[in-house]
**Q** 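Dropping the structure in here first, questions after.
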Amino acid sequence: MKEYKTVSKVAGPLLFVQKTEPVSYEEQVSLVLADGTMKRGQVLDTSDDLVVVQCYESTTGLGRDTGVRFLGETFKMPVSKTMLGRILSGGGKPIDGGPEIIPDKRLDINGAAINPYARGTPRDFIQTGISTIDGTNTLVRGQKLPIFSSAGLPHNEIALQIARQAKVPGSDEQFAVVFAAMGITREEANYFMADFERTGALERAVVFLNLADDPAVERTVTPRLALTTAEYLAYELGYHVLVILTDMTNYCEALRQIGAAREEVPGRRGYPGYMYTDLASLYERAGIIKGLKGSVTQIPILTMPGDDITHPIPDLTGYITEGQIVISPELHRKGIYPPINVLPSLSRLMNLGIGKGMTRDDHKKVSDMMYSGYAEGVDLRGLVAIVGKDALSERDQKFLEFADAFENTFVRQGADEDRTIAQTLDIGWNMFIQLPESELEKRIDRDLIKKYHPNYRK
Amino acid sequence: MEVNSKPGILKRIAGPVVTAINLDAHMYDVVKVGTEQLMGEVIKIDGPDTVIQVYESTTGIRPGEPVVNTGLSLAVELGPGLLTSIYDGIQRPLDVLIQKMGNFIARGVTAPGLNHEKKWDFKPVVHVGDKVTAGQIIGEVQETRSILHKVMIPPRAKGGKVTKINAGSFTIDEIVIELDSGESFPMMQKWPVRIPRPYVEKHSPSIPLLTGQRILDGLFPIAKGGTAAIPGPFGSGKTVTQQQLAKWSDAEIVVYIGCGERGNEMTEVLTEFPALKDPKTGNSLMERTVLIANTSNMPVAAREASVYTGITLAEYYRDMGYDVALMADSTSRWAEAMREICSRLEEMPGEEGYPAYLSSRLSEFYERAGLVQPLCGGSGSVSVIGAVSPAGGDFSEPVTQNTLRIVKVFWALDANLSRRRHFPAINWLQSYSLYMAQLNDYYDEKVSPEWNKLRAWFMEVLQKEAELLEIVQLVGSDALPEAEQITIEVARMIRELFLQQNGFDPVDTYCDLPKTLDMFKMIKTYAELAYAAQVAGVPPSQILGIKSKNEMPQVKFTKDYKPVLNKIYAGMEAEFKELRA
C-alpha cells in the first residue's frame, strides 16, 4: 500500500494531503507517525491535488513527516451476536479485556435511509413504569424520544429506570440495549456500568464508551457504531433494541469543532449548517420495517445549554424526533422525582399506541384532561402570586389544587417504582375527583366518566 | 435535445456537491456521476469546472471517474398512475425501489415515475378532423374511482387537425393521437420541474378552500388557488394540521410533500389515508392523493428538488381543470437544503447562512399557486399550504419572514396552546387571512348573510378577552365589571367549544359549514341571553352557572347534533326565564 508523506497543513483534527492518486470520498485512512504509532482517519474532501483527512484521534504528534495510507474502503465495522455483554471504546475496540469481536458481518457505519414505504407503523406500547411517560407521553417501539435535560438534573437516573423497566406488556420477545456514551465523564460512565451490572442488564447490552478525555472527533463515530450494531441486532437477529445515546450535546460540539476547522460557513451559533441533516442521519435510524421482527427505539439524551430549549441542539433535535421528554430544574428543586415537566413534553406517536386493545379506552381522554387541567393550574399560580388565593373563583381554586396534586401524586414516584398503565390511569381518575364534572365533560365522554370515575365505580 | 457523448472527469468530491472538468453542460442539466451513474444536476459553471449537486450519497466516489451529461433537465413523467403513488424527491416510486433494492435506499438505481406496462382504458373526446391545440383535452382515463384523468396535448405542442385517434386499452407510451402537423402523442408527457407549466391567465381567487376545521373555515379561510403558511415551533402541531388539511379539504386532488421530515410520519399517512373516506366522494382518500416523501435522512439535493416535483404534479392536474391542494411539510427543510448546498459551493451567504436567493426561490415557488384558466379552458387551481419550522420557534428568522411577505394567509401555531392541549394550536390573535374581502360574497350567498357578522363578532370578543385578561392578571376576575365577566365566559366558550377541535374524534375531526354556522349561532345566542339577563339585574354567578350550557360540548361530538342543539336552546330559554323571574 502506498504511503504519502505530503501533509501540507494540520489544523484542528484535519490534515491536508497534497498530490495523491485518486482517493474516494469518505475512504478510511491510516496515519503513521514518525515513531510508528498508527492513527485512524477519514477523507472529508477529495480532489486531484488535495485531500482533506479528518483524524479520529488526538492529533498530537502529527506533522509534515506523517505517513498517510488510504485503505480503499469506507468505514465498516464488524458485528456479531457475541457483542452482547461487551464494552467497546467509542471507536469500536473492546476495552473490557475480552477478545476482539469475531465478525459475522462487516457493515457500513453510515447505514442507509430506510425506504419510507418499507417502514412499519410504530404502535407497540412500551411500558416504562413511569407515569409521566406512559400516561401522558407514551413511548412506542420504533420511536425516537429524546430526553431534554440540563446540567445537574437526574436524566441519567431516568434513562436507567427506563432501560430497567421498559417492556411491552404481554410479550416476551428478545430485548437488547445498546448504550453509547459520548464525552461523558468516567464517573458518569461508572454509574451507568454499575447499574447495568447490578441489574444484570449488561448481559443483553452492548456498550460504547467515548469518555470526556477521548478525542472529540471520535464522538462523531460512536453513535454510528451504536446504531449500526442496533440495526444488525434488530433487523437481522430480530431483537427489539433500545438505543440510549448520551450526551448528544457533546456530539454536536464535536461537529462544530470539525466545521470550524474546515473553515465552513457556520449556521446558528457557530454550528454547521448541515447539522439538521447530520442529526437526522442518526435519529432517523430508529424504526420498524414491515415484515421484519425487530425494532430500533431511540432515547437520545441531551443537556440544553443554559436550560434553553431554543438552543440549536434541542431545537433541531425536537424537529426530527417524535417528541421530547423535558426535565425541569424547578420540579427537581421541589424534590420531585422524576422531575419531568409534562407541559413542554410530547410524544407524537402516542396516539398510535394507546386506546382500546393497546392500553385502555380512556387513555387519550385522561391524558388530555390532565394536561389541560395542569396547564390551567400552573397559569393560576402566577395569578395567585399577585392577587392571592382568595381572589380566585371557586372553579379556579380547584384547578390550582389539581396542579399541586398532579405534581405530588402523578409525577412523583420512586426510582424503582414500576407502575402499570392501569395504575397510572387510575391515579389520574383519583385526581379528577377534585374537579367539577362539568369540566371533565368538556374533554371526556360521559360513558367513560361513568365507567372510570371513582364516584361511579364505588 | 440529444445526449452529449463526451463524458467529463470528476475532479473534486465534498459531500453532495462534486466538481467535474471538461463537461459540456448547461445549468440544471441532469448528469450521471461516476461509474455507479448517480443522478445529479448542474448548479454552477465556472471556467472549465462544472459543479453538480448529486441526489444520492457520494461516499466512495473518487476523482477521475466519468460524468455523463444527459442533456435533459430534471423532468417528471405525467400521466395516469400518479394518484395513490408515493415518490421520493425525484419521482422515483418508493414501492418500486423496495423491489429493486430492498428495505433501505441504496444508490445508482433508477425507476420511472409511472408504470409503463400497465394498460389504461382511454376514451377519446375529440374526433378525426377536429382541430386541437396545446393543452387541449383529447381523452379521458378513469385513473381511480374518484378521479377522471384528462389526457392533454402537451403545452408546447404545435397542434393541428386530428388525423387519427385511438380508443381502447393502451400503455402510457403507446400513441393515442396523430395530428396533421406530423405530431403524435402518447398519454404520458414530461415536464421539467423547475419551469412553471403555462396557462392562459390567472384570476383572483373568490371561493374558499373548505377544510372542515372551524378555526380555518370560520375565522381565517384560505381561497382555492391561494397560499398559506403554517409556522410553528416543534410540537405545536404543524404536521397534524397539514394532515388534517390533506384529509378534509375539499380540493379534488391533494399533493402532499414530506420534505426533510420524519419517516414515521409518512408511514402514518400511508397507513391512515387509504382507510379514510373522502367526505365528498365516499372513496378512499388515497385515490385523490399523491405523496412525495424525501425524509430528513434521504439525500439533501433530492430534498431540494422534491418541492419542485410536487408543484409540477399539482400544476398538471390543475391543467385538467381540477382544484388541487398542495401541502409542503416543511418549507424550512427545503430552505435548509438550499443553505447546505450554497455553503458547499462556498457562496457568500445572506442572513443566518441562508443563500441570498432564498427570498426569490420562495416567491417563485408560491407564485406557482393560483386560480387560473388552463390552456384547455374552464378553470383550475393550485392552493399551496407551506409549513415553516422556525429555528427556536422565533418567527423573525429568514424563512418565516420571507414566506410571510408572499403568502396571504398566516396560521400561527403557538406552543403555549399545544401545551395545554388546545388543538389545533392556532393562535387567533396572531393569525390572519387576507382573502376575507374576496370571500365575503361567497359566505353571504352560499352560507348565510349572518356569517360575516358572526365572524366579526367572534373576533371582537376574542380581542376583548385578551385585553380583559391583562386586567385580570392584575386584579383578579372578581374585580371585573359584571358585563365583562360575561365576556370572559363567552370568550372561554368560543375557545373551548368552537376553536378547539379534536382531530382524533371521528365526528369532531370534520365540521362542515352548516354545523360551523350553528355553533357560531349557539354561542351568540347564549351571549345575547346572558347580557340581557345581566342588564335585567341577574348576578353573573347565576348566569355563568346555568346547566344547559354544560350540554354544549356534546354538539361537537354528536353526528346528528340537531336534537342536542334544540334541547340546549330550549334549556337556555327556560333557565334564563327563571333567572329573570
Side-chain angles (χ1 to χ4, degrees), chain A residues 22-27 44-48 74 110 112-122 142 264-268 273-274 276-277 280-281 284 287 289 310 312 315 318-320 322-324 343-344 346 349 351-352 364 368 371-372 375-376 383 386-387 391-393 438 441-442 445, chain B residues 11-14 19 58-64 86 94-95 97-98 103-106 234-235 258 260 262-264 266-268 270-271 293 295-298 300 333 336 339-340 343 346 349 352-353 389 391-394 415 419-422 472-478 496 504 550 553 557:
Chain A
V23 171
S24 57
Y25 178 63
E26 297 197 332
E27 188 168 331
L44 279 193
D45 189 337
T46 169
S47 58
D48 287 347
T74 53
N110 290 312
I114 302 177
N115 185 323
Y117 195 75
R119 279 181 186 269
T121 311
E264 289 167 344
V265 180
R268 271 175 81 212
Y274 50 80
Y276 177 82
T277 308
S281 74
E284 276 292 323
I289 293 179
T310 68
D315 191 49
Y319 274 122
I320 303 165
E322 282 125 3
Q324 65 278 337
L343 296 180
L346 169 75
L349 301 183
N351 292 315
L352 299 172
K364 164 100 182 119
D368 282 354
Y371 256 103
S372 64
E376 188 151 4
L383 187 55
I386 301 168
V387 298
L392 294 187
S393 66
S438 61
E441 279 178 4
K442 283 182 187 163
D445 317 39
Chain B
K11 183 180 153 194
R12 180 182 173 196
I13 301 111
T19 310
T58 52
T59 301
I61 308 296
R62 62 181 67 192
I86 173 164
L94 291 172
D95 48 346
L97 290 188
I98 291 189
N103 291 326
F104 293 87
I105 307 242
F234 62 82
R262 305 174 181 92
N264 280 334
M266 295 315 294
T267 311
E268 210 180 317
L270 274 170
T271 43
T295 57
S296 53
N297 56 341
M298 285 157 75
V300 70
R333 304 299 159 225
E336 275 167 16
R339 171 165 79 179
E340 206 171 317
S343 96
E346 288 162 7
E352 289 193 20
S389 320
D394 173 9
R419 266 171 220 170
R420 65 194 62 194
R421 293 302 185 258
H422 175 113
V472 171
Q473 287 291 332
L474 294 175
V475 296
S477 57
D478 286 354
E496 290 179 354
F504 297 98
N550 297 343
F557 306 115

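Proteins get letters first, then strands, A, B, ... in listed order; numbering begins at 1 in each.
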**Q** Please flag which part of A/Pro344 lies under 4.5 Å from any non-hydrogen atom of chain B: side chain, backbone, both or neither.
**A**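 Both backbone and side chain of A/Pro344 come within 4.5 Å of chain B.
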
**Q** Sub-3.5 Å donor-acceptor pair from the side chain of A/Glu264 to the main-chain atoms of B/Ser343, do we have one?
**A**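 Side chain of A/Glu264 to backbone of B/Ser343: no pair is present.
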
**Q** Take A/Arg119 and B/Met266, measure what side-chain contact (heavy atoms from CB on, under 4.5 Å) needs, and give me the verdict at the end.
**A** CA-CA 9 Å; A/Arg119 279 181 186 269; B/Met266 295 315 294; over 6 Å; no

**Q** For the interface with chain A, which of B/Ala391, B/Ala293, B/Gly393, B/Ala106 has the highest count of heavy-atom pairs at distances below 4.5 Å?
**A**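 Among B/Ala391, B/Ala293, B/Gly393, B/Ala106, the one with the most close pairs to chain A is B/Ala391.
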
**Q** If you tally heavy-atom pairs under 4.5 Å against chain B, which of A/Ser281, A/Gly287, A/Pro122 wins?
**A**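 Between A/Ser281, A/Gly287, A/Pro122, the count favours A/Pro122.
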
**Q** Among B/Gly64, B/Gly60, B/Gly258, who wins on heavy-atom pairs under 4.5 Å with chain A?
**A**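 Heavy-atom pairs under 4.5 Å are most numerous for B/Gly60.
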
**Q** Is there a side-chain contact between A/Pro116 and B/Thr267 in this structure, where contact means two heavy atoms from C-beta onward sitting under 4.5 Å apart?
**A**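 No, every pair of side-chain atoms sits at 4.5 Å or beyond.
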
**Q** Residues in ring pair (Phe, Tyr, Trp, His ring centres under 6.0 Å) with B/Phe234, at least two apart?
**A**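 By the ring pair (Phe, Tyr, Trp, His ring centres under 6.0 Å) rule, B/Phe234 matches A/Tyr319.
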
**Q** Which one of A/Gly323, A/Ala375, A/Ala112, A/Gly318 has the most heavy-atom pairs closer than 4.5 Å to chain B?
**A**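 The residue among A/Gly323, A/Ala375, A/Ala112, A/Gly318 with the greatest pair count is A/Gly318.
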
**Q** List the steps, then state whether side-chain contact (heavy atoms from CB on, under 4.5 Å) holds for B/Ile61 with A/Ser24.
**A** CA-CA 5 Å; B/Ile61 308 296; A/Ser24 57; 5.8 Å; no

**Q** Output the option from A/Thr310, A/Leu343, A/Val387, A/Asp315 having the highest count of non-hydrogen pairs under 4.5 Å with chain B.
**A**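 The residue among A/Thr310, A/Leu343, A/Val387, A/Asp315 with the greatest pair count is A/Asp315.
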
**Q** For B/Thr59, is it the side chain, the backbone, both, or neither that has a heavy atom closer than 4.5 Å to a heavy atom of chain A?
**A**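 B/Thr59 touches chain A through backbone and side-chain heavy atoms alike.
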
**Q** Is there a donor-acceptor pair under 3.5 Å between the side chain of A/Asn115 and the backbone N or O of B/Asn103?
**A**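 Side chain of A/Asn115 to backbone of B/Asn103, a donor-acceptor pair under 3.5 Å: no, none is there.
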
**Q** Please flag which part of A/Leu44 lies under 4.5 Å from any non-hydrogen atom of chain B: side chain, backbone, both or neither.
**A**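 The backbone, not the side chain.
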
**Q** Calculate, to the nearest 0.5 Å, the distance between atoms CZ and OG belonging to B/Arg421 and A/Ser372 respectively.
**A**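 So the gap between those two atoms works out to 9.5 Å.
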
**Q** Sort out for me which of A/Leu352, A/Asn351, A/Leu346 touches chain B most, counting heavy-atom pairs under 4.5 Å.
**A**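 If we count pairs closer than 4.5 Å to chain B, A/Asn351 comes out on top.
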
**Q** Could you report the tightest heavy-atom contact between A/Lys442 and B/Phe557, atom names first, then the distance?
**A**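 Taking every non-hydrogen atom into account, O-CE1, 4.4 Å.
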
**Q** Can you confirm whether the side chains of B/Arg333 and A/Tyr276 place a donor and an acceptor under 3.5 Å from each other?
**A**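 Distance-only check passes for B/Arg333 and A/Tyr276.
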
**Q** Would you say that B/Phe504 contacts A/Lys364 through its side chain, given a criterion of any heavy-atom pair below 4.5 Å between the two side chains?
**A**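 In short, these two side chains touch, coming nearer than 4.5 Å.
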
**Q** Who among B/Gly260, B/Pro349, B/Gly353, B/Ser389 has the most heavy-atom pairs with chain A under 4.5 Å?
**A**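 The candidate making the most pairs under 4.5 Å is B/Ser389.
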
**Q** Has the side chain of B/Asn264 got a donor or acceptor atom that lies under 3.5 Å from a matching backbone atom of A/Gly142?
**A**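 Yes, the answer is positive, given that a donor and an acceptor are paired below the 3.5 Å cut-off.
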
**Q** Looking at side-chain heavy atoms only, is the closest gap between A/Thr46 and B/Pro63 below 4.5 Å?
**A**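 A/Thr46 vs B/Pro63: side chains touch.
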
**Q** By a 4.5 Å heavy-atom criterion (distance strictly below it), what part of A/Ile386 contacts chain B: side chain, backbone, both, or neither?
**A**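 For A/Ile386, side-chain heavy atoms alone lie under 4.5 Å from chain B.
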
**Q** Below 4.5 Å from any heavy atom of chain A, which atoms of B/Ile86 appear? Answer side chain, backbone, both or neither.
**A**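 Side chain of B/Ile86 only, per the 4.5 Å heavy-atom cut-off to chain A.
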
**Q** On a heavy-atom basis, which atom in B/Arg62 and which in A/Pro22 lie closest, and how many Å separate them?
**A**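 Minimum heavy-atom separation between B/Arg62 and A/Pro22: NH1-O, 3.6 Å.
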
**Q** Can you see which heavy atom on B/Arg339 is nearest to which on A/Gly273, and at what distance?
**A**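 Residues B/Arg339 and A/Gly273, closest heavy atoms: NH2-O, 3.8 Å.
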
**Q** Determine whether B/Arg262 and A/Glu284 make a side-chain contact, defined as any pair of heavy atoms from C-beta on separated by less than 4.5 Å.
**A**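 In short, these two side chains touch, coming nearer than 4.5 Å.
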
**Q** Considering only heavy atoms, which portion of B/Leu270 lies under 4.5 Å from any heavy atom of chain A: side chain, backbone, both, or neither?
**A**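 Only the side chain of B/Leu270 comes within 4.5 Å of chain A.
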
**Q** With a 4.0 Å cut-off on N to O distance, would you call A/Asp45 and B/Arg12 a salt bridge?
**A**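 Yes, charged N to carboxylate O under 4.0 Å.
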
**Q** Go through the atoms of B/Thr271 and report whether side chain, backbone, both or neither lie under 4.5 Å from a heavy atom of chain A.
**A**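 For B/Thr271, side-chain heavy atoms alone lie under 4.5 Å from chain A.
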
**Q** Heavy-atom distance under 4.5 Å to chain B: side chain of A/Asp368, backbone, both or neither?
**A**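 Contact with chain B is through both the backbone and side chain of A/Asp368.
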
**Q** Is A/Thr121 in contact with chain B via its backbone, its side chain, both, or neither, using a 4.5 Å heavy-atom distance?
**A**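 For A/Thr121, the contact with chain B is made by backbone and side chain together.
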
**Q** Using non-hydrogen atoms and a 4.5 Å limit, figure out which bit of A/Glu441 sits close to chain B: side chain, backbone, both or neither.
**A**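 For A/Glu441, backbone and side chain are both near chain B.
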
**Q** Quick one: which of A/Ile320, A/Asn110, A/Thr74, A/Val265 has the most heavy-atom pairs under 4.5 Å with chain B, could you say?
**A**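 Top count of heavy-atom pairs under 4.5 Å with chain B: A/Ile320.
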
